[in-house]
Amino acid sequence: MKTLSLCIAAGLGLSACAGGMTGSTGQNNNDNGIVTQYPVETAMLNIYTKQRSDKLVAVVGSQSVSAEIQVTPKGSMVFNNKSVQGTEINTINKMNNQTTNQSVAINYFTLNPLIFHGFTDGTGKYSLSNQTTTIPKVATVGASSKLLTENVYADSSMRNKIGTYNQDWSLSRDTNNTAWFCIETSGNLLLSFDPAGTSSECYKINAKGDILASKVTLSQPSSNGSTKTVTLNSQ
């Protein structure tokens, strides 16, 4: 699954470098009126499979950086000899309001349950996802789980593997009736030192799974052991 954070990291050169959508309810309130459970599958569908746009911004040193993201469903497709659904992620990265990069990727998935199968992008990359767990319909605040392992190849021949990544999800409290649903992506497991580092892609959701805000944190290690962290927030 191509996460938005990887599109942003590549485009901003940091490694060399949303309007709410309605889903089903499923919340569980405790006696104090605090929501303790959230529909995380609905949130994931809203993030990665539904039409939406978002703009994330940050200041890095004296530079303003941004990522303009457009998610567009592509309907029924065939990927890796399977009938799947596809969604295009178009990311335009800017520095000081000047476009530095534009990337286009397509995520491939099936529904009921939601399973991600991989992605392709405009540079020719081809990935296969091994989703090890089913995304639950509803999760309790504090829950977390491994989601998938993804092998990325230079092209569809799959002769040259260039990356292996783990992705996990977690749910943490924000307020009494909102939570942060996060997708964490590891560094490239094929490298002993990955200069691109890791990323965390988080979405503030309500009890319906609507996306209220988002943020992406990119953590880039350096050879001296320090880590540079950049967080872009939705505007």
Do [X] and [Y] make a side-chain contact, defined as non-hydrogen atoms from C-beta onward lying under 4.5 Å apart?
X: I69; Y: N90; answer: no
X: V71; Y: T87; answer: yes
X: F119; Y: I89; answer: no
X: T164; Y: T149; answer: yes
X: L147; Y: M44; answer: yes
X: L232; Y: S66; answer: no
X: E184; Y: W169; answer: no
X: I47; Y: I211; answer: yes

Just do the side-chain contact (heavy atoms from CB on, under 4.5 Å) check on L171 and Y38 with the steps written out, would you? CA-CA 8 Å; L171 185 69; Y38 290 83; 4.1 Å; yes
Is it true that [X] and [Y] fall in one hydrophobic cluster, defined by side-chain heavy atoms closer than 4.5 Å?
X: M1; Y: L111; result: yes
X: I183; Y: V141; result: yes
X: Y48; Y: I106; result: no
X: L191; Y: L218; result: no
X: V84; Y: Y153; result: yes

Decide if atom CG of N97 counts as having more than 12 heavy atoms of other residues, nucleotides or ligands within a radius under 6.0 Å.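 No.
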Does a side chain donor of either [X] or [Y] reach within less than 3.5 Å of an acceptor in the other side chain?
X: N93; Y: T100; value: no
X: S76; Y: Q85; value: yes
X: Y165; Y: T3; value: no

Would a distance-only check, ignoring hydrogens and angles, find a side-chain to backbone donor-acceptor pair under 3.5 Å from [X] to [Y]?
X: N96; Y: S64; answer: yes
X: T175; Y: N177; answer: yes
X: N46; Y: T49; answer: no
X: N80; Y: K82; answer: no
X: R173; Y: V35; answer: yes
X: D194; Y: A196; answer: yes
X: D174; Y: T178; answer: no
X: S234; Y: S214; answer: yes

For E41, which residues count as a salt bridge (Lys or Arg N to Asp or Glu O under 4.0 Å) partner, sequence neighbours excluded?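 If we apply the salt bridge (Lys or Arg N to Asp or Glu O under 4.0 Å) test to E41, skipping adjacent residues, the hits are K137.
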Rounded to the nearest 0.5 Å, how far apart are [atom1] of [X] and [atom2] of [Y]?
X: T91; Y: N101; atom1: OG1; atom2: CG; answer: 8.5 Å
X: S53; Y: K55; atom1: OG; atom2: NZ; answer: 11.5 Å
X: N151; Y: L128; atom1: CG; atom2: CG; answer: 7.0 Å
X: S103; Y: K125; atom1: OG; atom2: NZ; answer: 9.5 Å
X: Q98; Y: Q63; atom1: CD; atom2: CD; answer: 11.5 Å

Stepwise side-chain contact (heavy atoms from CB on, under 4.5 Å) test for F116 and E150: CA-CA 10 Å; F116 289 97; E150 185 152 52; over 6 Å; no
So, are K146 and D168 salt-bridged, with charged N and O less than 4.0 Å apart?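 Salt bridge: no.
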When you look at L212 and N206, which way does the side-chain contact (heavy atoms from CB on, under 4.5 Å) test go after all the steps? CA-CA 7 Å; L212 307 178; N206 63 16; 4.0 Å; yes
Please assess V152 against K161 for the test side-chain contact (heavy atoms from CB on, under 4.5 Å), listing each intermediate value before the final yes or no. CA-CA 6 Å; V152 182; K161 185 191 291 187; over 6 Å; no
Minimal non-hydrogen separation, [X] against [Y], with atom names:
X: P195; Y: P221; answer: O-CD, 4.1 Å
X: P136; Y: V40; answer: O-CG2, 3.2 Å
X: Q131; Y: L148; answer: CA-CB, 3.6 Å
X: L56; Y: D54; answer: CD2-OD2, 4.0 Å
X: A207; Y: P39; answer: O-CD, 3.3 Å

Can you confirm whether or not the ring centre of Y126 sits under 6.0 Å from the ring centre of F79?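 Ring-ring flag for Y126/F79: true, centres closer than 6.0 Å.
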Under the criterion side chain to side chain donor-acceptor pair (under 3.5 Å), I'd like the reasoning laid out for T140 against Q37: C-alpha separation, chi angles, the key distance, then a yes or no. CA-CA 4 Å; T140 301; Q37 293 184 318; 3.1 Å; yes
Going by the side-chain hydrogen bond (donor to acceptor under 3.5 Å, both in side chains) test, name the single residue among T110, N130, N107 that passes it with H117.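 Among the candidates, only T110 passes.
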Testing T231, T198, T229 for side-chain hydrogen bond (donor to acceptor under 3.5 Å, both in side chains) with T217, which one passes?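 Going through the options one by one, the only one that passes is T231.
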Checking Y203 now: which residues fulfil ring-ring contact (aromatic ring centres under 6.0 Å, His included) with it, not counting sequence neighbours?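 Residues passing ring-ring contact (aromatic ring centres under 6.0 Å, His included) with Y203: none at all.
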